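Everything below concerns the one structure shown next.
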Amino acid sequence: MPIVTSTEMFKKAYEGGYAVGAFNVNNMEIIQGITEAAAEARSPIVLQVSAGARKYAKHVYLMKLIEAAEADTGLPICVHLDHGADFEVCKSCIDGGFTSVMIDGSHFDFEENIRLTKQVVDYAHDHGVVVEGELGRLAGIEDDVNVSAADSSYTDPNQVEEFVRATGVDSLAIAIGTSHGAYKFKPGTNPQLRFDILEEISKRLPGFPIVLHGASSVTQSYVQTINANGGKLVDALGVPEDQLRKAAQMAVCKINIDSDLRLAMTAGVREFVYNNPADFDPRAYLKPGRQNVKDLVKHKIINVLGSNDKI
Ligand code: G3H
Ligand code: 13P
Ligand code: ZN
């Protein structure tokens with residue numbers, strides 16, 4: 001199975017009432033953990049790369065590692081740019097072999113978001129690459145941008161048809177209450193996604209794939225493991241998994257998860273290092289991190305996304 005676009009994946013996910021997991025990758029162990037889990041669960045997968053990941057690992061290393069994972073597992077893998085900030089970074093990823101890019105114009109006004117997104121769509125489609133756009137603004141931290149709750153805004157269903165028609169995007173990220181990072185909600189509050197907005201948007205865009213960012217659940221067992229081994233994570237709270245499952249059964253075809261992977265990896269590494277202070281072999285401490293990533297992704301695929309046994 002080659003590196004593929006998400007077109008076929010999303011079509012089947014929409015019709016089948018499940019979502020494909022889009023997991024952020026930064027190094028070999030994370031890529032191996034995710035793809036081994038997906039292969040065992042027989043699930044399609046999106047591996048997404050942020051600007052920060054490209055800066056850390058270099059584009060060519062990540063691309064080659066993903067190609068190696070595809071050769072090793074035979075999985076259909078979509079390679080996606082997460083939160084492309086401008087035309088140039090999208091072009092660079094398209095030219096460098098990615099099959100999907102996100103152009104994140106959500107912080108611009110409607111007209112400028114359309115102009116920029118269309119510019120990327122025109123170039124991407126000419127090269128057989130698909131594009132995710134975004135309308136509405138999530139709170140939280142992305143790369144260097146920290147969006148406060150006051151500056152965030154839900155997606156306006158009245159804008160989605162015009163945006164999709166004018167830009168030609170292949171999928172649309174929307175804001176319905178999720179946010180980036182590990183501190184999405186205040187403990188003691190009752191996290192509630194705006195399913196009414198999702199419902200309204202899917203009525204306006206029948207059959208069109210919707211994307212949910214900021215969808216980590218902030219798995220508490222990993223938070224506790226980090227804290228029990230010298231960590232100091234307090235009051236981290238994410239999106240309830242039953243709400244993600246519900247979204248996956250609706251029009252949401254792609255669910256973005258990064259923070260949960262970070263917690264899983266860090267919990268494995270931290271626990272090992274704390275208990276084995278004299279062991280300085282990177283393979284020894286990265287292995288439990290990779291195993292945690294694999295366990296987490298398998299859990300998400302089977303119990304949250306519902307994408308198991310789909311290939
Ligand atoms: O939405 C942002 C992702 O979690 C990527 O985070 O930019 O720190 O790699 P990053
Ligand atoms: P989380 O921070 O909830 O994992 O969201 C990741 C994300 O949306 C990447 O684009
Ligand atoms: Zn995101």
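Values below: every heavy atom of this structure, side chains too, minus hydrogens, waters and symmetry copies. Computed from a predicted structure; not experimentally measured. Counting starts at 1 for both ligands and their atoms, in listed order.
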If the cut-off is 4.0 Å to any non-hydrogen atom of Ile257, which atoms of ligand 2 fall inside it? 4 (O)

Sub-4.0 Å atoms of ligand 2 with respect to non-hydrogen atoms of Ser259: 1 (P), 2 (O), 4 (O)

With a 4.0 Å cut-off, would you call Lys246 and Asp242 a salt bridge? no

Between Asp82 and ligand 1, find which residue part has any heavy-atom pair under 4.0 Å and reply side chain, backbone, both or neither. side chain

Kindly give the atom name of the N, O or S atom of His180 closest to the Zn ion (ligand 3). NE2

Hey, does Gln48 sit under 4.0 Å from ligand 2 if you only count heavy atoms? yes

Find the distance between CD1 (Ile34) and CG (Leu261) and round it off to the nearest 0.5 Å. 5.0 Å

Contact region, Arg54 to ligand 1, non-hydrogen atoms below 4.0 Å, reads neither

Lys/Arg-Asp/Glu bridge criterion (N-O < 4.0 Å) met for Lys300, Glu241: yes

Taking only non-hydrogen atoms of Lys184, do any sit less than 4.0 angstrom from ligand 2? yes

Which of the atoms in ligand 1, numbered in the order shown and given with their element, are less than 4.0 Å from a heavy-atom of Asp258? 3 (C), 4 (O), 5 (C), 6 (O)

At under 4.0 Å between heavy atoms, which part of His213 makes contact with ligand 1: side chain, backbone, both or neither? neither

Both conditions, 6.0 Å and 45 degrees, for the charged tip of Lys310 above the ring of Tyr18: are they met here? yes

Shortest heavy-atom approach to atom 9 (O) of ligand 1 - which of Gly52, Ser50, Ala53: Ser50

Counting each atom of ligand 1 from 1 as listed, which ones have a heavy atom of His180 under 4.0 Å away? 1 (O)

Per-atom contacts of ligand 1 with Asn24, taking only distances under 4.0 Å to non-hydrogen atoms: 3 (C), 5 (C)

Could you tell me whether Arg204 and Glu200 have a side-chain N and a carboxylate O separated by less than 4.0 Å? yes

When you compare the side chain of Leu135 with that of Asp156, does any pair of heavy atoms fall below 4.5 Å? no

Please work out whether any backbone atom (N, CA, C, O) or any side-chain heavy atom from C-beta onward of Asn24 is under 4.0 Å from ligand 2, and answer side chain, backbone, both or neither. side chain

Determine which of the N, O or S atoms in His213 is closest to the Zn ion (ligand 3) and give its atom name. ND1

